[in-house]
Structure formats: structure tokens, C-alpha cells
Protein chains: 2
Amino acid sequence: MATVVSKPPRGMVECPKCPLHGMKTFRAFTAEELAFVSGFKRGELAVEKGATIIMEGHHNAHLYTVLSGWAFRYKLLPDGKRQILNYLMPGDLAGLQGSLLGEMQHSVEALSPMRLCVFERDKLYDLYRNHTGLAFDVTWIAAREEQILDENLLSLGRRSAIERAAYLIAFIGSRARNAGLNGTTAAQIPMTQQLLADTLGLSLVHTNKTIRKLVDRKLIGWREGGCEIKDMKGLLALARWGGIGETPRPFI
Amino acid sequence: MATVVSKPPRGMVECPKCPLHGMKTFRAFTAEELAFVSGFKRGELAVEKGATIIMEGHHNAHLYTVLSGWAFRYKLLPDGKRQILNYLMPGDLAGLQGSLLGEMQHSVEALSPMRLCVFERDKLYDLYRNHTGLAFDVTWIAAREEQILDENLLSLGRRSAIERAAYLIAFIGSRARNAGLNGTTAAQIPMTQQLLADTLGLSLVHTNKTIRKLVDRKLIGWREGGCEIKDMKGLLALARWGGIGETPRPFI
DNA sequence: CGACAAGTTGACGCACGTCAAGGCCGGTGG
DNA sequence: CCACCGGCCTTGACGTGCGTCAACTTGTCG
């Protein structure tokens, strides 16, 4: 399945030492849960930037949790048009649809080098049987994803190009900050304008002109392959959006 | 909360006699599950067409399963622009986001007279603890919703107006047929063009002209407040979409 | 040095949105 | 009975937001 570069468990992280623990965005595990998840974990996957982790139309026996790095989910039309659905950051789950419904109906590609936790799909049922709290968490994550997609749909359907762009950048920036992804001060978002365009449902050229307007208005900065938020409040106001909550969230 | 007309348990259906059982689209319950769900059910809600069942920004202590009728989920922008996110039909769950994440971030409105099964939000955890199969089903439903939203996003972002319309009508028609909603022969979909427009992310006028093209091409028929699919294959081809599966699905 | 990926900019056209007017119908009240 | 009204659909004229095409720049990697 494409160019997945899998470095076998060279430096596989033990769950108790998982870098996601102890972050204030994520909820804590009980000792018992931690033990179970350790057994649930089947391995670790390291991929290069650009690697396809999940492919539309395929059946996949695995479920992943992002440990580090970025990725995005997308769908293609037969003529090659691409729509990016959402971004994956540390703590996010990938492959749940496939685990429950059979065939994956979207692909996932790495935006940066990544490390992922690999779970056996068949063991998901054990998790549900033995750890109500964790099962609840999985559903929590699914409901959260639903909420994000809702907002995205509102954006594509009813916001203008510049509002959409403002929303998207504010959204990704906030999530990245919560996931501890960027430098301490400036929120550097590593992305190309092509990716933005495919997320916003716009053409590349028009996306470029829209980004330029945001730069001119001093809401963001753009430097070669990345964007930096300069005025979050301004972005939120332009997008007419309330921002995301900061309550701690579960992960598996 | 708006005009909810609640006829108290006058003719409340006992779960074992639930009209959804025995339909080939839905999976069967075990006797034990049925017993549990009977206890889980807290009452029944009957609403008129046009009633608001769930309201954006509110906290809601309940979780609903649609027993009969149609509804739709939507979000509003401050200026009143509306984006419809998805439609609810018999067997669908409403209010899960609120149950897990706290505040509802979308509203739900009845498209026809409806009956809904009401569950206590707090008992959801009991369900997870005692009935792994049902907990799995809830997650299944959430993942399915996610999949639908994915396809919708692809539509809004990358399909033209006529393709979007073809996709939407084919999609709703298929789901309605699976849920046993329409007459046996002709799939009459009761909807206004305003609703279609708000789902497609288009203006009312352009939606009208687009529908007209579909009628001219003999793909659908439109008669006052409803649409009828005349050539499903044609719609699917125009939308470049594979259609939905027919595997039996769970419900609660 | 060329090749390629990412960004920029201008010219032009079309798929949409907006505005405005009118038709058809059922319901309500005289 | 007609008069009036409010949903819903329809149609034309016109404007604009965004797509498409095409050219150029800059930086990076060989």
C-alpha cells in the first residue's frame, strides 16, 4: 500500500511513557486502563512525510493513534479533484470507520514525519467489553470528529472564500496549539497553499489571492511553506466563529 | 424550547413491538438487549412538522432515536444563513454530540410529524457498561454519520451544482427507501427547494434552475413539495458516486 | 546547469448569487 | 361567492466571486 516506510520497533515507546500522557489537553488514564492499552497496542509505525497511511477502498486491519506529526484525511473524485476532510494531530484516531464499517472511504496521508500507535482492529471489541471508560472515549472522539465536520460543512456551504480561509487557519492553529505541535511563541503551521485550497474547496489561484488579503490585513503571516497567526481574534471575528473549547479530551 | 407538542405516553410503543424491529435494514436484538433497551427508554416524544427538537447552544439531557418521520440537522451563521448538515430518518440517533460533549452545536427540526424514542443521557454509561454490543452499535452509528458527512463535504467542495443536486437526491432517496419511508413504487421525497438549497450550499434561485435541468433530463420528477426519482442510475452516474450499501445496520 | 515545487500576478470567462416580478395553490375571512 | 394572503415554484436580467489559463519568480536540490 504505497510508500509506507515502516521502521520496526526500534525505539517503540512504552505506553506509560507515551509522550501524550501528562499533557494538559489530554485526560489521564487509570493504572488499570494503562495496563490494558499497553496490551492493546500492537506496534508502532513510523512514516515519512508524504506517505499514504490509509487508502480509500481498502480494508485495513488496524486502528491508529497519532503519537507525533501531522496528517490529513481526504477523498478523491474520479477526475482527480481532491477534497481534504480534516487534519490529524497527536492524540487523534485514524481508521475507526474502517474498523466498524468495513471499507475505508477516505485516504490518509502524512504531512510530516509521523509516529503512530498501531492497534489490532479485532481487539477493539475487547476494549469495549473490558473498559467501559475507554469505549466511551472512543465514542467521544467520534462525536468530536462529527462536530468538526459539521462546522466544516457550514464553512464550505455558507461562508465566503476569505471567511472560510480565516476559519480554517484559526481552527488548525488552535488545534495545533492544544496538541503541542508548534513552537512556543509563534504558531507556525506547516502547509502549502495547495493543501489549503483542497480543504477550502477553492482553486489554487483564488486561495493564493485570498491568503494575500489575510496577510495584507495583518491577520496572518506567510513564509514559504507555512503560516503564522498574528491576530487570532481578528480571524475568529472574520470567520464569525466562536473558537474551540479547551476542556481536556480523551485519547486511546 | 420552541413548539414541542408532547403527547404523553398515550400510545407508547413497547420496545418488543417497536416498528423498527423486523425490518430487513435493521439488525435484530437479542432478548437480553431488548430487555435492557426497554428499561433504557424513558418515554416517547411526538412532535408536529416544523417543531424544533434540539436547539444549538443548549444542553440537552436526552438522546433520541427516530421512530417515524423525517427531520434535519442544521447550523446557522449570525446573519441567518442556514446550512443543513444531514437528514434524520427512522432508526437514526439524535443528540449524541450533546450527550458526550456537553453543548449541542447544531439544531434539529422536524420535516414531518414525528415520533421519537427518548433516552436518559445519564444512562448511556450504563449501556456502555452492561451491553458491549449496544455500545458498539452506538459507535457504529457515529462512524456512519462521519462517513456521510465526509461524502457531503466532498460534494460541497468539489462537485458542481448539478452534480451536488444529483448526489443529494440519490442519497436521500436511497436512505428513505432503506428506512421504509416512502410509497412502495415511487420514491416520493417530501421536500422544498429551499431545503435543498440550504443543503447544497446554493441559492434558492440557482437550485430551482438546477432542479429544472434534472427534470428536463428525465432523471427526476418534481411535483409540488416533493421529488420523485425516475432514473437512479443516471443520478449516480452524474454525481460520480457509488451509492450506499445495503448491509443491515444497527439501531438502539 | 536544468528540473521541480511553491508562490505570485494579470486577463478573461463562466457558474453562481442577487434582484425583481409574476404564477399557482390552499386557507382564511369577508 | 370573491378578496386577500402567504407558501412555494418559476423566470429573466444583471452583476460578481471564483475558476481557468498562462506567464513569471524564487528557492532548493541534483
Side-chain angles (χ1 to χ4, degrees), chain A residues 48-50 72 77 79-84 109-112 155-169 188-217 220-228 238-239, chain B residues 48-50 77 79-84 109-112 155-169 188-216 220-228 238-239:
Chain A
E48 303 292 349
K49 172 176 174 175
F72 61 94
L77 282 178
D79 63 1
K81 283 182 189 157
R82 179 173 72 170
Q83 179 63 42
I84 296 180
E109 183 178 322
L111 261 179
S112 72
S155 222
L156 283 196
R158 293 302 177 200
R159 283 195 252 247
S160 70
I162 197 167
E163 291 169 350
R164 257 182 264 181
Y167 162 71
L168 180 60
I169 291 174
Q188 259 283 138
I189 303 174
M191 259 207 308
T192 68
Q193 297 190 359
Q194 182 66 64
L195 288 168
L196 279 182
D198 285 351
T199 314
L200 298 171
L202 297 171
S203 73
L204 175 58
V205 173
H206 197 74
T207 300
N208 178 292
K209 288 167 182 169
T210 304
I211 294 293
R212 198 109 297 284
K213 284 185 197 168
L214 290 178
V215 173
D216 291 344
R217 292 198 199 180
I220 65 169
W222 190 276
R223 4 171 190 161
E224 192 60 32
C227 126
E228 176 194 350
L238 178 54
Chain B
E48 304 291 350
K49 172 176 175 174
L77 281 178
D79 64 0
K81 282 182 191 159
R82 180 173 70 171
Q83 179 62 43
I84 295 181
E109 182 178 323
L111 263 179
S112 72
S155 221
L156 284 196
R158 293 302 178 202
R159 282 195 252 248
S160 70
I162 196 167
E163 291 168 350
R164 257 182 263 183
Y167 161 72
L168 180 60
I169 292 174
Q188 259 282 141
I189 304 174
M191 259 208 310
T192 69
Q193 298 191 0
Q194 182 65 65
L195 288 167
L196 279 183
D198 285 351
T199 314
L200 298 172
L202 296 172
S203 72
L204 175 58
V205 174
H206 197 74
T207 300
N208 178 292
K209 287 168 182 168
T210 305
I211 294 292
R212 199 109 297 285
K213 283 186 199 167
L214 290 178
V215 173
D216 290 346
I220 65 169
W222 190 277
R223 6 170 189 160
E224 191 59 34
C227 125
E228 176 195 349
L238 178 53

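Numbers restart at 1 for each chain; the letters A, B, ... are given by sequence-line order, proteins then strands.
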Go along nucleotides 22-30 of chain D 5' to 3' and tag each nucleotide: B for a protein heavy atom under 4.0 Å from its base, S when only backbone or sugar atoms are that close, - otherwise. ---------
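- Closest approach of A:L238 to A:A166, counting heavy atoms only: CD2-CB, 3.8 Å.
- Side-chain contact check for B:N208 versus B:I211: every heavy-atom pair is 4.5 Å or farther apart.
- For A:R164 and D:dC18, the CZ to P distance is 6 Å, given to the nearest whole Å.
- Heavy atoms only, all atoms of each residue included: A:L111 and A:F72 are closest at CG-CD2, 3.6 Å.
- Residues A:R158 and A:Q194 both approach DNA chain C. Their nearest nucleotides, taken by heavy-atom distance, put A:Q194 toward the 5′ side.
- What you find for A:R164 and A:L202 is that their closest heavy atoms are NH1-CD2, 3.9 Å.
- The distance between atom CG of B:L204 and atom C1' of D:dT10, rounded to the nearest whole Å, is 10 Å.
- Just one residue in the list A:R82, A:Q193, A:Q83 forms a side-chain hydrogen bond (donor to acceptor under 3.5 Å, both in side chains) with A:D198, and that residue is A:R82.
- The distance between atom CZ of B:R223 and atom P of C:dC25, rounded to the nearest whole Å, is 16 Å.
- Atom CG in A:L156 sits roughly 12 Å away from atom P in D:dC18 (whole-Å rounding).
- Residues A:L196 and A:L204 are not in side-chain contact: their nearest non-hydrogen atoms beyond the backbone lie 4.5 Å or more apart.
- A:S203 comes within 4.0 angstrom of a base, heavy atoms only.
- Between the NZ atom of B:K209 and the P atom of C:dA20 there is a distance of 15 Å, rounded to whole Å.
- For the OP1/OP2 pair of C:dT8 and a distance below 4.0 Å, the side-chain nitrogens and oxygens of A:Q193 include at least one atom meeting the criterion.
- Within the structure, a side-chain polar atom (N or O) of A:N208 is placed less than 4.0 Å from OP1 or OP2 of C:dT8.
- What separates CG of A:D216 from C1' of C:dT9 is a distance of 13 Å, to the nearest Å.
- Proximity note for A:R212 (side chain, C-beta onward) versus C:dC16, D:dC8, C:dT8: the nearest is C:dT8.
- If you measure from atom NE2 of A:H206 to atom C1' of C:dT9, you get 14 Å, rounded to the nearest angstrom.
- Under a 3.5 Å cut-off, the side chain of A:R158 and the backbone N or O of B:L77 do not form any donor-acceptor pair.
- Distance A:L202 CG to C:dC16 P: 14 Å, rounded to the nearest Å.
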